[in-house]
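Written below as structure tokens is the structure these notes are about.
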Amino acid sequence: MLYIYDTMKRKYIAFQPLCDNKVKMYVCGITAYDFCHVGHARASVVFDIIYRYLLYKGYDVIFVKNFTDVDDKIINRANKEGKNWQDVSQQFIKEYYTDMEALYIKKPTFEPKASEHIKDMVDFIKKLIEKDYAYVSEGDVYFSVKKFRNYGKLSHKKIEELKVGARIEPSEKKRNPLDFALWKKSKEGEPEWESPWGKGRPGWHIECSTMCMHYLGETIDIHGGGEDLIFPHHENEIAQSEALTGKTFAGYWIHNAFVKINKEKMSKSLGNFFTIRDILKKYRGESLRMFLLLAHYRNPIDFSLEGIEMAEEALNKLYMLLWRVEENLKNPSNGLKDKELEEALIKFNKSFIDILDKDFNTPKAFGEIFVLIREINKYLDKCENENEKPDKKYLEAFITIRISIKDILGIMNESAEKWFKGKIDVNLIEQRIKQREEERKKGNFKKADKVREELLKMGIILEDTKEGTRWKTTKEQI
RNA sequence: GGCGGCGUAGCCAAGUGGUAAGGCAUGGGUCUGCAAAACCCUGAUCCUCGGUUCGAAUCCGGGCGCCGCCUCCA
């Protein structure tokens with residue numbers, strides 16, 4: 001049974017979709033005005049895991065993740081660079097896909113853009129005005145917060161206390177400082193669309209409600225995003241949506257914690273961010289993904305390069321075993337039986353799912369994976385020491401587990417060979433290894449060592465095993 | 001001011017009432033021609049003070065430190 005921590009109820013709730021095994025999930029995506037940073041990577045990876053896990057559990061998931069492509073920041077950047085806003089948003093949506101691919105993010109079912117749903121938003125706003133939840137003011141349209149009785153139920157804020165905060169910009173156009181714009185009258189040089197209230201463009205919050213309902217209906221199962229969206233974005237989404245339909249907007253609210261850097265939130269405005277692209281220059285996408293999954297999604301992560309390196313080392317350990325297993329499976333046989341390993345495999349299969357069922361506890365799941373890996377390595381050591389063949393049923397059991405890890409966690413996506421060797425000239429290296437082998441047979445260890453050193457300088461590490469010499473690259477090479 | 005979170009070995013990080021998973025790093029060992037890999041061993045009483053309890057890292061209360069949201073933000 002899957003338990004999810006719900007932001008609104010502030011506790012773990014057994015997950016039960018509205019309609020038998022169909023799950024409708026909406027996650028707020030990015031505003032396409034710049035390269036994504038590690039914080040965006042986290043949100044993407046977190047909801048990717050949730051999506052993958054729900055699929056693994058057999059749910060029929062419709063997953064919608066939007067692009068905000070009409071927005072002040074996009075317009076500003078476009079103006080600055082003398083482009084039009086579509087150029088900017090299109091470019092960064094493209095960059096986004098490059099990053100997501102590197103992180104092994106599974107494509108959502110739908111990825112709508114706000115600009116493609118303006119008409120739906122206008123209709124949405126019209127109805128809110130008809131229902132007297134919204135009002136027109138000098139070409140703008142605002143949502144009247146005090147008309148929505150449950151305002152604040154997600155973030156547990158009280159309207160009266162919000163006013164004390166005094167950071168809300170007062171506007172003469174608003175009746176109440178908390179009211180938020182559904183529609184903004186356009187200014188010079190801004191994108192604009194026709195509406196009953198004059199030319200303008202939608203406010204930010206309305207796009208998500210509109211697209212969410214368009215693709216998923218009035219009530220969905222899961223709505224998610226980064227912690228910083230709880231207030232006001234998601235609070236406003238609830239207000240608009242429930243004002244319109246009178247129905248519950250979402251059953252479960254899931255929010256991921258931030259990536260921090262030197263204990264501070266990583267963010268564009270603070271300027272303390274690493275883009276995904278920065279990381280990808282030196283590390284592999286899978287290492288960044290691993291780094292993010294080694295902490296629980298509701299706990300903040302302190303970002304550091306050392307952290308990525310640690311994650312990459314951990315990943316190497318997984319791939320080393322995969323390599324070993326793949327090599328052994330080239331000559332499958334009915335070999336040595338081992339009761340302890342058998343038990344470890346059974347135990348793993350049960351606990352892996354139990355752990356993920358408790359609010360997607362990926363770090364704990366990895367703990368369990370490493371325990372299993374040790375057991376298999378121990379078994380393979382034993383086979384080697386006793387000159388026995390490993391039994392293929394254990395090896396195949398691991399391959400099956402590996403597929404689950406790959407499908408659910410998006411880790412161990414490559415073959416071990418590819419992971420360790422990358423794009424290197426294989427022939428040249430294997431020639432040198434042969435030469436070294438001959439020297440070793442003659443007992444010319446000095447010459448043999450010279451080859452090893454030489455290759456090491458090229459970024460190649462040699463490893464002698466019972467089956468012969470194998471090689472991999474140093475991390476600098478990849 | 002309101003709401004919320006965090007503080008666990010050198011570093012990262014699970015655990016949320018029954019006596020501390022896992023990863024990385026260090027040191028020692030087994031294996032190896034030497035290595036690498038792998039395996040074994042090595043290490044914390046959980047910020048602090050007090051309370052509840054047979055029993056708390058885990059619950060309650062008081063401190064200290066750090067962070068987030070209340071403004072655009074994943």
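First the proteins, then the strands, lettered A, B, ... as listed; each starts at 1. Everything quoted here is computed from the prediction, not taken from an experiment.
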- Item | Base paired to C34(B) (Watson-Crick or G-U; both N/O distances under 3.5 angstrom) | none

- Lys/Arg cation over aromatic Phe63(A): Lys106(A), 6.0 Å, 45° cone: no

- Span that lies between the P atom of A35(B) and that of G27(B), in whole angstrom: 14 Å

- Cation-pi between Arg284(A) and Trp419(A): NZ/CZ under 6.0 Å from ring centre and within 45° of the ring axis? yes

- The nucleotide from A74(B), G33(B), A14(B) with an atom nearest the side chain of Ala295(A) is A14(B)

- Which base, if any, makes a Watson-Crick or G-U wobble pair with C39(B), both distances under 3.5 Å? G29(B)

- Query: With a distance cut-off below 6.0 Å to the six-membered ring centre and an angular limit of 45° from the axis, does Lys65(A) pair with Tyr26(A) as a cation-pi contact?
  - Reply: no

- Item | Under-3.5 Å donor-acceptor pair between Asp381(A) side chain and C31(B) base | no

- Message: Under 4.0 Å from OP1 or OP2 of C39(B): is there any side-chain N or O of Asn377(A) that close?
- Response: yes

- Query: Taking the C1' atom of each, how far is C11(B) from U48(B), in whole Å?
  - Reply: 23 Å

- Item | Length of the line joining Asn262(A):CG and C12(B):P, which is rounded to integer Å | 12 Å

- Can you tell me the Watson-Crick or wobble partner of A9(B), both distances under 3.5 angstrom? none

- Examine the base of G33(B) for any acceptor or donor lying under 3.5 Å from a partner atom in the side chain of Asp449(A), and report the outcome as yes or no. yes

- Can a side chain N or O of Asn361(A) be found less than 4.0 Å away from OP1 or OP2 on G15(B)? yes

- Query: Which whole number of Å gives the distance between the C1' atom of A25(B) and that of A44(B)?
  - Reply: 16 Å

- Message: Side chain of Lys73(A) only, heavy atoms from C-beta on: which candidate in C72(B), U16(B), G33(B) is closest?
- Response: C72(B)

- Item | Between G68(B) (C1') and Tyr297(A) (OH): distance, integer Å | 17 Å

- Task: Rounded to whole angstrom, note down the P distance from C46(B) over to G10(B).
- Result: 13 Å

- Query: May Phe370(A) be described as stacking on the base of G22(B), applying a 5.5 Å centroid limit and a 30° limit on plane angle?
  - Reply: no

- Message: Please give the distance between the P atoms of U58(B) and C6(B) as a whole number of Å.
- Response: 13 Å

- Centre of Tyr5(A)'s six-membered ring, under 6.0 Å away, within 45 degrees of the axis: is that where NZ or CZ of Arg298(A) sits? yes

- For the side chain of Ser137(A) and the backbone of Lys173(A), is there at least one donor-acceptor N/O pair under 3.5 Å apart? yes

- Message: Roughly how many Å apart are A56(B) and U45(B), using the C1' atom of each and rounding to a whole number?
- Response: 11 Å

- Message: Please determine whether a side-chain nitrogen or oxygen atom of Arg374(A) lies at a distance below 4.0 Å from atom OP1 or OP2 of G22(B).
- Response: yes

- Task: Answer yes or no for Arg201(A) and Trp183(A): cation-pi contact, defined as NZ/CZ to six-membered ring centre under 6.0 Å and angle to ring axis within 45°.
- Result: no

- Task: Considering only atom P, compute the distance from G15(B) to C59(B) and round it to an integer number of Å.
- Result: 12 Å

- For Asp302(A) and G23(B), give me the distance from atom CG to atom P, rounded to whole Å. 22 Å

- Side-chain donor-acceptor pair present, Tyr104(A), Glu414(A), cut-off under 3.5 Å: yes

- Message: Looking at Lys158(A), I'd like to know whether one of its side-chain N or O atoms comes within less than 4.0 Å of OP1 or OP2 on C3(B).
- Response: no

- A14(B) phosphate, OP1 or OP2, under 4.0 Å from Asn299(A) side-chain N/O: yes

- Ignoring backbone atoms, establish whether Arg10(A) has a side-chain N or O less than 4.0 Å from OP1 or OP2 of G4(B). yes

- Whole-Å distance separating the CZ atom of Phe180(A) from the C1' atom of C70(B): 15 Å

- Message: Nearest to the side chain of Arg436(A), heavy atoms from C-beta on, is which of A74(B), G15(B), C34(B)?
- Response: C34(B)

- Looking only at N and O atoms, is any donor in the side chain of Lys317(A) or the base of C24(B) less than 3.5 Å from an acceptor on the other one? no

- Within this structure, what is the CD-to-C1' distance between Glu340(A) and C39(B), rounded to whole angstrom? 13 Å

- Sugar-phosphate only, base, or nothing, as touched by Lys378(A) at under 4.0 Å among non-hydrogen atoms: sugar-phosphate

- Item | Phosphate OP1/OP2 of C69(B) contacted by Lys265(A) side-chain N/O (<4.0 Å) | yes

- Establish whether the base of G5(B) is bridged to the side chain of Arg298(A) by a donor-acceptor pair shorter than 3.5 Å. no

- Message: Does Arg452(A) contact A35(B) through a side-chain donor or acceptor facing the base, at a distance under 3.5 Å?
- Response: yes

- Query: Glu463(A) CD to A36(B) C1': how many Å, rounded?
  - Reply: 5 Å

- Query: Across the strands shown, which category fits Ile230(A) at heavy-atom distances under 4.0 angstrom: base, sugar-phosphate, nothing?
  - Reply: nothing

- Item | Nearest-angstrom distance, C1' atom, A20(B) to G55(B) | 15 Å

- Query: Any side-chain N or O of Lys364(A) under 4.0 Å from OP1/OP2 of A13(B)?
  - Reply: no

- Query: Taking CD from Glu384(A) and P from C40(B), how many angstroms apart are they, rounded to a whole number?
  - Reply: 15 Å

- Between A74(B) (C1') and Glu237(A) (CD): distance, integer Å: 14 Å

- When the aromatic ring centroids of His223(A) and Tyr252(A) are compared, is their separation below 6.0 Å? no

- With a 3.5 Å cut-off and just heavy-atom distances, do the side chain of Lys263(A) and the base of C67(B) make a donor-acceptor pair? no

